[in-house]
Amino acid sequence: MIGRKWWVPWLWLSPALLLSGIFLLYPAIDTIRRSFLPKGSDAFFGFTLDNYRFIIDNPQPLVADTHSALLNNLMWLTIFTVITVALGLVIAVLAARVRYEAVVKSAIFIPMAISFVAASVIWRFMYEFNPGIGTVNAVLKEVGGEPTRWLQDTGAPQTPFTHAGPDSLPHPIQINNFALVFVGVWMWTGFAMVVLSAGLKGISTEILEAARVDGANEWQIFRRIIIPNLSPTIVVVATTLVIQALKKFDLVWVMTAGKFKTDVVATLFYKEAFLFNNPELGAALAVVLLLWVVPIMVISIRRFQFQEETR
Amino acid sequence: MARPNPSATGEAAVRARPAGLQVAATARRVAGRLPLHLSVIGLAAIWSIPTIALLISSFRDPGHIGLVERHQGPVQLHARQL
């Protein structure tokens, strides 16, 4: 019988393995190989840690600010993910309680249908310094505030925890980075809301009614029933957003091109590899990004496997 | 089984409530849900601002939104310079 031959499964697997090898494995291995070559090297093999040392030491912050890029990525990873998931959850829960749910969801989801470049252009208009053009500054002026250069201002926002000044600690916590992150939030909240809303519809109404009969108020229902029941969906959404945050490129590139200390690892990698003729450092930055993504992917896959086993 | 007398049920009692009390109950219910409606509509409105702002900008003169007038193209420009 043909099914008993040892090579038959490999035969069926071979197209997928071949494509994965050509388009995933080979580029990854080649990028790792290149990251260990010295700058401008013609050799195929080599071993130097100069590129990684450059990333850690950050010797040319005015040309390639690697620390700023890493910290910006970290800020995207945390602030973007947390705000997007929280807003998506809140909107999903609130919208489910009104009759015009579909209209509200459409309004929130519209940005997802726009390309990142188009959204970036829209928000460049929104953040324009001239209040006659920039909506944000126009509103600010109307309420008695001063127009702000939202995409250029590297000052820290005034909060009880931060203060602007040369010795202020949070380097990436700058107004322009927040402005960029908010555009990401505006785009991705629709995705979070739709997925979480689907999860919300899956919660049995009997459980909710039972809680109400037992005297639970809406906040207790949200905290003790909705959140625990939605936690697998929240993890899926958060994982997707974390990966999005790590590979963020288009939005930053179109809005600031990484200027004014808004570079993230992906934009810095692109600049080094394709604009500054330093593909070795670019490769090292790409490897750093890969190392950042892999653990998140592993955790996500493990969790998915665990869910499948316990189903 | 005999049907219960409606006048003896709570439903009948509710129906028999004075009109003033019913209006007050409705007003309380609407007022209770007002923050929900305001927050939902507010969020949807805030989310729509950039799209609406772009729509408004599309009707404005290019000079007024920070864009320069599109030039006539290199050939005509060259001819004009000549």
Side-chain angles (χ1 to χ4, degrees), chain A residues 84 86-114 118-139 179 182-183 185-193 197 217-219 222 255, chain B residues 1 3-4 6 8-17 19 21-74 77:
Chain A
T84 308
L87 261 175
L89 183 61
V90 167
I91 294 171
V93 171
L94 292 181
R97 285 149 196 259
V98 294
R99 263 182 271 173
Y100 42 88
E101 182 185 359
V103 179
V104 173
K105 280 185 176 174
S106 305
I108 307 290
F109 194 75
I110 279 175
M112 272 301 283
I114 304 172
S120 307
V121 171
I122 290 173
W123 277 92
R124 275 182 70 166
F125 275 120
M126 290 288 289
Y127 286 141
E128 176 69 41
F129 180 71
N130 181 356
I133 303 166
T135 312
V136 179
N137 278 333
V139 172
F182 186 77
V183 180
V185 170
W186 181 73
M187 292 209 74
W188 280 93
T189 299
F191 164 78
M193 178 203 66
S197 182
N217 60 32
E218 292 303 312
W219 172 246
F222 178 73
M255 291 190 77
Chain B
M1 212 171 106
R3 285 188 64 181
T9 61
E11 188 188 339
V14 170
R15 269 198 214 133
R17 250 187 344 195
L21 279 179
Q22 275 189 16
V23 171
T26 309
R28 249 199 319 273
R29 193 166 48 82
V30 170
R33 286 177 66 83
L34 195 63
L36 168 73
H37 288 292
L38 283 180
S39 45
V40 170
I41 293 169
L43 278 166
I46 289 169
W47 241 247
S48 307
I49 287 172
T51 321
I52 295 164
L54 185 73
L55 181 73
I56 293 166
S57 294
S58 72
F59 290 113
R60 294 180 75 189
D61 191 64
H64 289 158
I65 54 169
L67 301 174
V68 288
E69 293 276 1
R70 189 188 293 181
H71 64 73
Q72 298 296 308
L77 200 70

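Being a predicted model, the structure only gives us computed values, none of them experimental. Lettering of chains follows the sequences in order, A, B, ..., and the numbering in each one begins at 1.
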Chemist: Please test A:Val104 against B:Leu43 for side chain to side chain contact (heavy atoms under 4.5 Å, CB included), starting from the C-alpha separation and ending with a verdict.
Modeler: CA-CA 8 Å; A:Val104 173; B:Leu43 278 166; over 6 Å; no
Chemist: Please examine the side chains of A:Ile122 and B:Thr51, heavy atoms only from C-beta on, and report whether any two atoms are closer than 4.5 Å.
Modeler: no
Chemist: Quick one: pull up CZ in B:Arg60 and CZ in A:Phe125 and give me the separation to the nearest 0.5 Å.
Modeler: 9.5 Å
Chemist: With heavy-atom distances below 4.5 Å as the criterion, would you say the side chains of A:Leu87 and B:Trp47 are in contact?
Modeler: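 Yes - at least one pair of side-chain heavy atoms lies under 4.5 Å apart.
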Chemist: Can you tell which of B:Ile49, B:Ile56, B:Leu54 makes a side-chain contact (heavy atoms from CB on, under 4.5 Å) with A:Thr135?
Modeler: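 Of the listed residues B:Ile49, B:Ile56, B:Leu54, the side-chain contact (heavy atoms from CB on, under 4.5 Å) partner of A:Thr135 is B:Ile49.
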Chemist: Do you know which two heavy atoms are closest between A:Ile108 and B:Ala44, and how far apart they sit?
Modeler: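 Looking at all heavy atoms of both residues, the shortest contact is CD1-CA, 4.0 Å.
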Chemist: For the residue pair A:Met126 and B:Ala53, what are the closest heavy atoms and their distance?
Modeler: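 Looking at all heavy atoms of both residues, the shortest contact is SD-CB, 4.0 Å.
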Chemist: Ignoring hydrogens and angles, tell me if any N or O in the side chain of B:Arg33 forms a donor-acceptor pair with the backbone of A:Arg97 under 3.5 Å.
Modeler: yes
Chemist: On a heavy-atom basis, which atom in A:Leu94 and which in B:Ser39 lie closest, and how many Å separate them?
Modeler: CD1-OG, 4.0 Å
